[in-house]
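Working notes, structure below.
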Amino acid sequence: MSLLHIIWFRNDLRVHDNAALRGACFTADRDGGEVLALVIEDPEATEDWLQRSEALRDLSAALEQRGARLHMRSGDPSEVFSELHRAHGVRSVHTNEVPYDDAEISSTQSWALRAGVRFQTYSQYGPLEAPAPYEAAEAQWEKYMARPRFAPPDVASPANVGVGQNLIAKEAEVLEATTNGGRRHAIALLRTFLGSVSDPQRIAITEAESGAVFFERLKPFLLLGVLSPREVWQAASSAHHQMHRAGQDIRAASIMSLLRRLPELHKRRAAVRTV
């Protein structure tokens, strides 16, 4: 048996600042075994498959640059993991939290407990622990966002157990024509909004659109996880300081309104945890 350490990609379709990917690679390096990059699609999902497919295409390309392949499966996660465990042996599963009620995690954790497989969930929207009595929740969240981002790791021991159904290639001619769902587009969109001190075109864009409105445009990319909240917070914080020092108060205020919206996903996730 190959003994797999699985990075289960869900709403974290990136290699940058991905705690679960880092955890899977670290565990495989420490304990031995191979890293399996895995996406499990729900065949009944009604979300915009075009945007998600482009995000998966960017993720697949980024993994290939680092020596791994993105494996695709469809169906119930517990059944997929059970099949992989029987065929190859699963030693650990690593995944990031999602910003909604996570029934998949509960059922998969139950499977892992029965199978004797380590199952690790990582935070990506904010700290998991409650703030200290002397610290405000907002200050704790900002401290979390200010931590260094995780660099995309090389996958030293990649697994290859069959890529599976190629969902990325679905209606390939349509996907080839779109440029609005992946990480590259999300980064370009963010850079256009944040701009630079000396770029008059971007000054006009930033002043015409408030950060609160821009957040709604950026939110689908945050929900897909092609950008991490920490990446956006750090880029926006840096741009805000630059605009403030340059005396561009309107642009600084617009960027600040984006920063004020970013904690929403963490608050939404925290509310789910308390239910």
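Ser228 is not listed as a side-chain neighbour of Asn18, based on a closest heavy-atom distance of 4.5 Å or more. In this structure, the side chains of Glu97 and Leu265 stay at 4.5 Å or more apart for every pair of heavy atoms. Under the 4.5 Å side-chain criterion, counting only non-hydrogen atoms from C-beta, Tyr125 is in contact with Asn11. Within the 4.5 Å cutoff, no side-chain heavy atoms of Leu113 are placed close to those of Phe119. Two residues are said to be in side-chain contact when any heavy atoms from C-beta on lie closer than 4.5 Å; His266 and Pro127 meet this criterion. Counting heavy atoms from C-beta on, the side chains of Thr108 and Ser78 come closer than 4.5 Å. Side-chain contact between Met145 and Pro229 is present, with heavy atoms from C-beta onward closer than 4.5 Å.
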Using the rule given for side chain to side chain contact (heavy atoms under 4.5 Å, CB included), can you reason through Gln242 versus Arg251, listing the C-alpha separation, both sets of side-chain angles and the distance that settles it, and then say yes or no?
CA-CA 10 Å; Gln242 290 178 13; Arg251 297 181 72 194; over 6 Å; no

Please assess Trp233 against Tyr144 for the test side chain to side chain contact (heavy atoms under 4.5 Å, CB included), listing each intermediate value before the final yes or no.
CA-CA 10 Å; Trp233 185 88; Tyr144 175 93; over 6 Å; no

Test log, rule side chain to side chain contact (heavy atoms under 4.5 Å, CB included), inputs Glu231 and Ile187:
CA-CA 10 Å; Glu231 288 180 298; Ile187 290 173; over 6 Å; no

Let me see the working for Arg183 and Asp58 under salt bridge (charged side-chain N to carboxylate O under 4.0 Å, His left out), right down to the final yes or no.
CA-CA 6 Å; Arg183 179 175 171 85; Asp58 283 359; over 6 Å; no

Apply side chain to side chain contact (heavy atoms under 4.5 Å, CB included) to Leu227 and Leu218, showing your working.
CA-CA 9 Å; Leu227 294 174; Leu218 196 65; 4.0 Å; yes

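Partners of Asp29 by side chain to side chain contact (heavy atoms under 4.5 Å, CB included), not counting sequence neighbours: none found. Residues forming a side chain to side chain contact (heavy atoms under 4.5 Å, CB included) with Glu83 (at least two apart in sequence, or on another chain): Arg86. For Glu138, the side chain to side chain contact (heavy atoms under 4.5 Å, CB included) partners at least two apart in sequence or on another chain are Ala136. Here Pro220 pairs with Gln51 under the side chain to side chain contact (heavy atoms under 4.5 Å, CB included) rule; sequence neighbours left out. Residues meeting the ring pair (Phe, Tyr, Trp, His ring centres under 6.0 Å) test with Phe9, sequence neighbours left out: none.
Annotation: the span from Ser60 atom OG to Gln65 atom CD amounts to 10.0 Å, rounded to 0.5 Å. Between Leu63 atom CG and Leu70 atom CG the span is 6.0 Å, to the nearest 0.5 Å. For the atom pair OG (Ser254) and CZ (Phe193), the distance works out to 3.5 Å, reported to the nearest 0.5 Å. Put simply, CG on Asn96 and CZ on Arg10 are 8.0 Å apart, with the number rounded to the nearest 0.5 Å. To the nearest 0.5 Å, atom CG of residue Leu258 and atom CG of residue Leu262 are 5.0 Å apart. Here the CZ-CG distance, from Arg91 to Asp31, works out to 6.0 Å after rounding to the nearest 0.5 Å.
Contact between Ala236 and Ile255 at its shortest, heavy atoms only, is O-CG2, 3.3 Å. Smallest separation of non-hydrogen atoms from Val35 and Cys25: CG2-CA, 4.0 Å. Minimum heavy-atom separation, Thr27 to Gly23: OG1-O, 2.7 Å. Residues Ser257 and Ala212 come closest through the heavy atom pair OG-N, 3.3 Å. For the residue pair Gly162 and Arg73, the shortest heavy atom distance occurs at O-NH1, 3.1 Å. Taking each heavy atom of Ala37 and Ile7 in turn, the nearest pair found is CA-CG2, 3.6 Å.
Taking the six-membered ring for Trp and thresholds of 30 and 60 degrees, His94 and His5 have ring planes inclined between 30 and 60 degrees apart.
Under the 4.5 Å side-chain heavy-atom criterion for Ile, Leu, Val, Met, Phe, Trp and Tyr, Val15 and Tyr122 are members of distinct hydrophobic clusters. Under the 4.5 Å side-chain heavy-atom criterion for grouping Ile, Leu, Val, Met, Phe, Trp and Tyr, Phe26 is not connected to Val90 through any hydrophobic cluster. Note on Ile105: it clusters hydrophobically with Ile6, by side-chain heavy-atom contacts below 4.5 Å among ILVMFWY residues. One hydrophobic cluster, built from ILVMFWY side chains closer than 4.5 Å, cannot hold both Phe150 and Val232; they sit in different ones.
Seen from the ring of Phe221, Arg14 does not count as a face-on cation partner, given the 6.0 Å and 45° thresholds.
Shown here is His244, whose NE2 atom has no more than 12 heavy atoms of other residues, nucleotides or ligands within 6.0 Å. For Arg66, the CZ atom is densely surrounded, since the number of other residues' heavy atoms within 6.0 Å is greater than 12.
The only member of Ile40, Leu38, Leu84 that meets side chain to side chain contact (heavy atoms under 4.5 Å, CB included) when paired with His71 is Leu38.
Residue pairs satisfying the side-chain hydrogen bond (donor to acceptor under 3.5 Å, both in side chains) criterion with at least one member in residues 145-163, sequence neighbours excluded, are listed as follows: Arg149-Gln234.
No hydrogens or angles considered: nothing links the side chains of Glu41 and Ser74 as a donor-acceptor pair under 3.5 Å.
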